[in-house]
Amino acid sequence: MQYTLEHTSNKSAARAGTLTTPHGEIKTPIFMPVGTAGSVKGVHVKELKEDIKAQIILGNTYHLYLRPGMPVIEAAGGLHKFNGWDKPILTDSGGFQVFSLGDIRKLTEEGVRFQSHIDGSYHLFSPENSMNIQRSIGADIIMAFDECTPGDADYDYAKKSLELTQRWLDRCYTQLDKTHPLYGHEQSLFPIVQGCVYPDLRKMAARQISSFNADGYAIGGLAVGEEENDMYAMIEVVNAILPQNKPRYLMGVGTPVNILEAIDRGVDMFDCVMPTRNGRNGMLFTRKGIINIRNKKWESDFTPVDPDGTSYVDHQYSRAYLRHLIISKEMLGAQIASIHNLAFYVWLTQEARRQIKNDTFKAWKEEMVQQLIVRL
RNA sequence: GGGAAGAUACCGAAGCGGUCAAACGGGGCAGACUGUAAAUCUGUUGGCUCAGCCUUCGUAGGUUCGAAUCCUGCUCUUCCCA
């Protein structure tokens, strides 16, 4: 996997680059739609490619492992073959589920004992089997198995948690060395920086993972309950240390403003469930601000969903019609909103890329962040 | 024509002497959602000069310290018999 840093913004740390993977190029900064169970909820591959212009999507180790299970994924020939997406894929390691499944899991040095949220059965996730499962899935980019430390963790907990993540990283690499890709293409492991909101822990973590010659580096454990300013501060601290010539991936973030602020601080890759989940729940992100399409004010607004939108759904349907669909719980409503939001997120990052290369990023971003928070 | 049951807030439906402006659903209105246990969850839903007051449980009266709840007339609805 090859990353080429093409341009750095003249007035900020924002970068434009190209990441070349076994399944094609990714023009950064980039937003990556989340496809937890092997599908970006409600969105066809055709729409991802032609309308949203997604360059890479995510899958999730925990969810795919539980269902359909690795025998099926391997028999299919990996996730690319299984879901028909022939562009790059990134899989999360299950680390986030360590955080989000809170009360049905137990954390030990060995790994995490989970109870399946589907049938209550017990499973152990460890760095070793997370790597094995991610081999079976066959993503281009695979993530280290970490503990996503909660944003409100105290210093001692955050330190212990970080040290565990560091020991787990060694085991991830060891396991990866013992195994090989199953489908004829290389897989790149991205290590993850933890350390909660504590600058010295973040620095320590960034230095530690930088010592591995990874193809890219991730910043995790942010947007998980901490103050927004703390998040931005941690990004700055970490990006000052991570190698310049490798992509940086901010995991699970975030709002359109979060993304622009992070790009401004040198982040290259993003993923978040917000465009799809919030879309399904009636929230539309546009370059003029945020629309809650369920609100009565849109009841008879027959103007396009988003006149500035880049996807066909933006012009094909009216706000009144989309409101009707969402309120009536018609599945088409969720699909339209998801396509719109994903297209907007991808547009936002690709427009940022254009502005960076044009050396106009900083001013453009300052204007955008004012606009993006407006409630329409 | 005779008999039975019933009429409760936007709708459906509990309540069957005081703790009832009235449970619970639905609908309406609004909010939340950040490496997806989420097509989910939360709040609110008579009025006002709002820690209180006013009007509301078909309608008109009555009993009672006190009624959505008990009694009587009336109106309407559903079912059964002729």
Would you kindly give the OH-to-C1' distance between A/Tyr232 and B/U34, to the nearest whole Å?
11 Å
Using a heavy-atom cut-off of under 4.0 Å over every strand shown, decide if A/Ile192 touches base, sugar-phosphate, or nothing.
base
Could you work out, with ring pair (Phe, Tyr, Trp, His ring centres under 6.0 Å) as the rule, every residue matching A/Phe190, not counting sequence neighbours?
none
Does A/Glu109 CD have over 12 foreign heavy atoms under 6.0 Å away?
yes
Heavy atoms of other groups near A/Asn229 CG, more than 12 under 6.0 Å
no
Please report the distance, rounded to the nearest Å, between CE in A/Met231 and C1' in B/G35.
13 Å
With rounding to whole Å, what would you report as the distance between B/C48 and B/A38 at their C1' atoms?
40 Å
Considering only atom C1', compute the distance from B/C74 to B/U42 and round it to an integer number of Å.
47 Å
Quickly work out the A/Glu228 CD to B/C33 P distance and round it to whole Å.
11 Å
Rounded to whole Å, how long is the line connecting atom CE of A/Met283 with atom P of B/G31?
9 Å
Which ILVMFWY residues can you reach from A/Tyr183 by hopping between side chains whose heavy atoms are under 4.5 Å apart?
A/Leu182
Distance-only criterion, 3.5 Å: show the donor-acceptor pairs between side-chain atoms of residues 273-281 of chain A and protein atoms not counting sequence neighbours.
unit_1   : atom_1 : unit_2   : atom_2 : d
A/Thr276 : OG1    : A/Val273 : O      : 3.0
A/Asn281 : ND2    : A/Arg277 : O      : 3.3

Tell me whether the side-chain N or O atoms of A/Thr276 pair up with the base of B/U36 as donor and acceptor below 3.5 Å, since no angle test is needed here.
yes
Just how far, in rounded Å, is P of B/C29 from CD of A/Glu299?
7 Å
Side chain to side chain contact (heavy atoms under 4.5 Å, CB included) partners for A/Arg67, two or more places apart
A/Ile118
Taking pairing as Watson-Crick or G-U wobble with both contacts under 3.5 Å, can you name the mate of B/C76, or confirm there isn't one?
B/G6
Can you check the distance between B/G6 and B/C57, where both ends of the measurement are the C1' atom (answer in whole Å)?
14 Å
Considering residues at least two apart in sequence or located in another chain, which fulfil the side chain to side chain contact (heavy atoms under 4.5 Å, CB included) criterion with A/Val374?
A/Gln371, A/Leu376
Measuring only the P atom in each nucleotide, how far is B/U55 from B/G66? A whole number of Å is fine.
16 Å
What nucleotide, of B/A39, B/G35, B/G28, holds the atom closest to the side chain of A/Met331?
B/A39
Any-strand Watson-Crick or G-U partner of B/A14, both distances under 3.5 Å:
none
Selection: residues 35-43 of chain A, any non-hydrogen atom under 4.0 Å of RNA chain B
A/Thr36, A/Lys41
Only pairs with both distances under 3.5 Å count, Watson-Crick or wobble alike; so what is the partner of B/A32 in this structure?
B/U40
Pairs satisfying side chain to side chain donor-acceptor pair (under 3.5 Å), at least one member in residues 142-162 of chain A, at least two apart
A/Asp146-A/Gln194, A/Glu147-A/Tyr157, A/Glu147-A/Ser161, A/Thr149-A/Ser161, A/Tyr155-A/Asp200, A/Lys159-A/Glu163
A/Met274 CE to B/G35 P, in whole Å, measures 8 Å
Side chain to side chain contact (heavy atoms under 4.5 Å, CB included) partners of A/Ser311, counting only residues at least two apart:
A/Asp51, A/Val313, A/Asp314, A/Ile339, A/Ala343
For RNA chain B, find the residues of residues 139-149 of chain A with a heavy-atom distance under 4.0 Å and give them by number; none if there aren't any.
A/Asp146, A/Cys148
A/His117 NE2 to B/U36 C1': how many Å, rounded?
9 Å
Any idea which of B/G31, B/U34, B/U36 is nearest the A/Cys272 side chain?
B/U34
Polar side chain donor-acceptor pair, A/Gln115 to A/Arg105, under 3.5 angstrom
no
Separation of B/U36 atom C1' from A/Leu101 atom CG, nearest Å, is 11 Å
Report all side-chain donor-acceptor pairs from residues 282-290 of chain A shorter than 3.5 Å, counting only partners two or more places apart or in another chain.
unit_1   : atom_1 : unit_2   : atom_2 : d
A/Thr286 : OG1    : A/Lys288 : N      : 3.0
A/Thr286 : OG1    : A/Gly289 : N      : 3.1
A/Thr286 : OG1    : A/Gly289 : O      : 2.7
A/Arg287 : NH2    : A/Asp308 : O      : 2.7
A/Lys288 : NZ     : A/Asp308 : OD2    : 2.6

Looking at residues at least two apart in the chain, or sitting in another chain, which of them share a ring pair (Phe, Tyr, Trp, His ring centres under 6.0 Å) with A/Trp347?
A/Phe344
Output a table of nitrogen or oxygen pairs between the protein and nucleotides 40-44 of chain B separated by less than 3.5 Å.
unit_1 : atom_1 : unit_2   : atom_2 : d
B/U40  : N3     : A/Asn281 : OD1    : 3.4
B/U40  : O4     : A/Asn281 : OD1    : 2.9

